Amino acid sequence: MASIWLLMFVVLIGVAFWAGRLSAGAGAAPPVVAPAAPRALAERDTFIEQLRELAWQHRDVSPELSTIIIDEITTHHRRLSSGPDA
C-alpha cells in the first residue's frame, strides 16, 4: 500500500513539474523578428523616392492624385523617422 502512495506521489510531482514548465511559457513575449537587411531597406527607400519624384514630375496630369501620393509618402516618412513612440 505504501508503494502505491509513493508511486502516485512521484507521478503527481512529475505532472506538476511539466504543468509548471508549460504554463511558464504561456505568457512569454513573442520572438523578436530580425530586422530587414540594410540593402533591402536602401532599395525600398530608393523606390519610394522614385515614386515621390514621379508624382511631382507628373502633377499636371492629376494634381489631386499627385498631392495625395506625396502627402502619404511624407506622412509615412515622418512617422518612421520619429520612432515607435510617436
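Please read these numbers as outputs of a predicted model, since none were measured by experiment. Along the sequence shown, residues are numbered consecutively beginning with 1. Just the heavy atoms: all of them, side chains too, but no hydrogens, waters or symmetry mates, feed the values below.
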What is the distance from atom [atom1] of [X] to atom [atom2] of [Y], rounded to the nearest 0.5 Å?
| X | Y | atom1 | atom2 | answer |
| --- | --- | --- | --- | --- |
| Trp56 | Thr67 | CH2 | OG1 | 8.5 Å |
| Leu65 | His58 | CG | NE2 | 12.0 Å |
| Arg59 | Ile69 | CZ | CD1 | 13.5 Å |
| Ile73 | Glu53 | CD1 | CD | 9.5 Å |

Check your understanding: Any link between Val61 and Ile70 through a network of hydrophobic side chains (Ile, Leu, Val, Met, Phe, Trp, Tyr) touching at under 4.5 Å?
Key ->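 Val61 and Ile70: separate clusters.
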Review point. Do you know the tightest heavy-atom contact between Ala55 and Ser66?
Key: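 Answer, listing the atom of Ala55 first, then Ser66: O-OG, 3.0 Å.
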Check your understanding: Would you call Leu54 and Gln50 a side-chain contact if the rule is heavy atoms closer than 4.5 Å?
Key ->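 The answer is no; the side chains never approach within 4.5 Å.
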**Study point:** Residue pair Glu49 / Asp45, side-chain heavy-atom distance below 4.5 Å
**Key:**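 They are not in contact (no side-chain heavy atoms under 4.5 Å apart), so the answer is no.
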